[in-house]
Q: 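Before we start, here is the structure in question, set down as structure tokens.
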Amino acid sequence: MDAADLADLTDWFDRTARDLAWRKPGTTGWGVLVSEIMLQQTPVARVEPIWLEWMARWPLPSALAAASQGEVLRAWGKLGYPRRALRLHAAATAIATDHGDVVPADVDTLLGLPGIGAYTARAVAAFAYGQRCPVVDTNVRRVVARAVHGAGDAGPPSTTRDLADVAKLLPQDPATAAKVSAALMELGAVVCVARGPRCADCPVFDGCAWQHNGRPAYDGPAKAVQRFAGTDRQVRGLLLDVLRGSAEPASKARLDLVWSDAGQRDRCLDSLLVDGLVEQTANGEFALPGEH
DNA sequence: CATACGTGGCC
DNA sequence: TGGCCAAGTAT
């Protein structure tokens, strides 16, 4: 991939980029941050309606900060990984209190906020503030593995190495670099996908090292597959779903209905309490936090 | 560095 | 059906 390939890539992005809600002109840093947190491990189609609700309801960090944790968890709905919602609420509180209600533009400052890691900090810096910084998510890692390294897929992640790989690709001009970052992600999301890549539609087909190598299969270590059925994650999800769906606190007996294994059930309820996703009321019932 | 952490769609 | 995958982070 050379400079000409990247020019083809950004031309393609200008022509075909999906019309996602958070890409509309005028989206604030707050809007970008909320979208990035919601998109962590979560498909675009599920995020878009929730993001629109949140922007209408909480257009500023201070507005979200003023809501209770329970309200926020209810509005998060079934996006998954609800600790993200709690961390976003905490981040909003810090932004409102310490940063004048404006999402910081500095990567290191962003990294200090809860729920914001190596990917999200740079995504906000690039997409909200037009900075030149490498944005590395699973899509970009796959695109680089193929187009640059000629492999079938990315190996195990290494933040340092992955950031350096992408930094080498970015042009000097910040606005152009930010567009390249967005285009690399878009390419991985819609063309250079994990299964069944649509190489015939690829704007960097000619410069792709994977093509030049004869499209070898991925030969790295097997990726760890996250099991779900029967895990604590499933049980925690079932418990939380009861509380999200109830305006009133739920009794222990009510929660006991969601899972037959009492040991696992109690362990999960306890872990939810520890995580601050559930609170116990004065009379021993259970509820979302901050509502009773 | 490996693992826990939700949820749902697709083949 | 069940594995695989989806804009990761914290520990």
Side-chain angles (χ1 to χ4, degrees), chain A residues 13 17-18 20-23 27 31-51 73 76-88 90-91 110-128 134-143 153-163 166 178 181-190 192-197 218 221-244 258-259 264 267-268 271-272 274-278:
Chain A
F13 182 74
R18 293 167 294 172
L20 304 176
W22 43 87
R23 285 180 177 167
T27 302
V32 172
L33 174 58
V34 172
S35 77
E36 293 301 343
I37 300 285
M38 288 182 170
L39 285 162
Q40 291 168 4
Q41 300 285 285
T42 308
V44 164
R46 231 178 296 166
V47 166
E48 212 156 9
I50 307 293
W51 183 85
L73 287 170
W76 192 258
K78 307 197 77 165
L79 277 185
Y81 292 142
R83 293 188 298 186
R84 289 183 293 168
L86 250 32
R87 292 180 181 137
L88 181 51
L110 287 161
L111 285 170
L113 295 170
I116 298 185
Y119 162 76
T120 302
R122 291 173 178 81
V124 169
F127 304 148
V135 180
V136 183
D137 73 333
T138 187
N139 291 309
V140 174
R141 280 172 26 75
R142 186 172 53 249
V143 169
D153 201 350
S158 158
T159 302
T160 306
R161 183 162 37 74
D162 296 339
L163 286 174
V166 175
S181 293
L184 286 170
M185 287 183 60
E186 184 80 355
L187 187 68
V190 306
C192 195
V193 293
R195 282 175 300 186
Y218 174 69
K223 315 219 170 186
V225 179
Q226 294 267 16
R227 201 56 74 244
F228 179 67
T231 62
D232 286 4
R233 271 184 302 151
Q234 181 182 20
V235 178
R236 285 164 55 105
L238 291 170
L239 290 168
L240 217 46
D241 199 40
V242 170
L243 300 182
R244 272 197 305 262
V258 306
W259 197 253
Q264 186 177 20
R267 178 177 73 237
C268 289
S271 74
L272 288 169
V274 168
D275 287 349
L277 286 161
V278 173

Q: Find the distance A/Asp162:CG to B/dC1:P and express it as a whole number of Å.
A: 11 Å

Q: Looking at A/Glu186 and A/Arg23, is any side-chain nitrogen of the basic one under 4.0 Å from a carboxylate oxygen of the acidic one?
A: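 Result for this pair is yes, salt bridge flagged.
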
Q: Return no unless some side-chain N or O of A/Arg84 is found under 4.0 Å from OP1 or OP2 of B/dT7.
A: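 For B/dT7, OP1/OP2 do not have a side-chain N/O of A/Arg84 under 4.0 Å.
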
Q: Heavy atoms only: give me the nearest A/Ala121-A/Leu111 pair and the separation to one decimal.
A: CB-CD2, 3.7 Å

Q: Strictly below 4.0 Å, heavy-atom distances to any atom of DNA chain C: list the hits from residues 230-238 of chain A, or just say none.
A: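 None - not one residue of the stretch has a heavy atom sitting under 4.0 Å from the strand.
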
Q: Looking only at side-chain N and O atoms, does A/Tyr119 offer a donor or acceptor that is under 3.5 Å from a partner on A/Gln40?
A: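 Absent: no donor and acceptor within the cut-off.
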
Q: To the nearest 0.5 Å, tell me how far A/Ile116 CD1 sits from A/Leu33 CG.
A: 4.5 Å

Q: Using a heavy-atom cut-off of 4.0 Å across all strands, would you classify A/Pro82 as base, sugar-phosphate, or nothing?
A: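 Sugar-phosphate, backbone atoms only, no base.
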
Q: How would you label the contact of A/Arg244 with the nucleic acid (heavy atoms, under 4.0 Å): base, sugar-phosphate, or nothing?
A: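 Answer is sugar-phosphate: A/Arg244 comes under 4.0 Å of backbone atoms only.
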
Q: When you compare C/dA7 with B/dC11, how far apart are their P atoms, in angstrom units rounded to a whole number?
A: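 Each nucleotide's P atom is 16 Å from the other's.
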
Q: Between B/dC1 and C/dA6, how far is it from one C1' atom to the other, in whole Å?
A: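 Rounded to whole Å, the distance is 23 Å.
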
Q: Using heavy atoms to find the nearest nucleotide of DNA chain B for A/Leu277 and A/Ser158 separately, return the residue whose nucleotide is more 5′.
A: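 Result: A/Ser158.
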
Q: In whole angstrom, give the distance that lies between atom NZ of A/Lys78 and atom P of B/dC5.
A: 18 Å

Q: Under 3.5 Å, is there a donor-acceptor pair linking the side chains of A/Arg122 and A/Ser181?
A: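 No.
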
Q: Let me confirm one number: the CE-CZ distance from A/Met185 to A/Arg142, rounded to the nearest 0.5 Å.
A: 11.0 Å

Q: Considering only atom P, compute the distance from B/dC5 to C/dG2 and round it to an integer number of Å.
A: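 Here B/dC5 and C/dG2 have their P atoms 22 Å from each other.
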
Q: Which whole number of Å gives the distance between the C1' atom of B/dG8 and that of C/dA10?
A: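 About 24 Å, rounded to a whole number of Å.
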
Q: Taking atom CG of A/Leu86 and atom CG of A/Leu73, what is their separation to the nearest 0.5 Å?
A: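 Rounded to the nearest 0.5 Å, the CG-CG separation comes out at 5.0 Å.
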
Q: When rounded to the nearest 0.5 angstrom, what is the spacing between CZ in A/Arg233 and OG in A/Ser271?
A: 12.5 Å

Q: In whole Å, I'd like the distance from the CZ atom of A/Phe228 to the C1' atom of B/dG6.
A: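 Value for this atom pair: 5 Å.
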
Q: Provide the distance between the two C1' atoms, one in C/dC4 and one in B/dG6, to the nearest whole Å.
A: 16 Å

Q: Enter the distance from A/Arg267:CZ to A/Arg236:CZ here, rounded to the nearest 0.5 Å.
A: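 A/Arg267 atom CZ to A/Arg236 atom CZ measures 11.0 Å (nearest 0.5 Å).
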
Q: Find the distance A/Leu240:CG to B/dC5:C1' and express it as a whole number of Å.
A: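 Rounding to the nearest Å, CG of A/Leu240 and C1' of B/dC5 are 12 Å apart.
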
Q: If the sugar-phosphate is the primed atoms plus P, OP1 and OP2 and the base is the rest, what is the B/S/- string for nucleotides 3-11 of chain C, using protein heavy atoms under 4.0 Å?
A: BBSBBBSS-

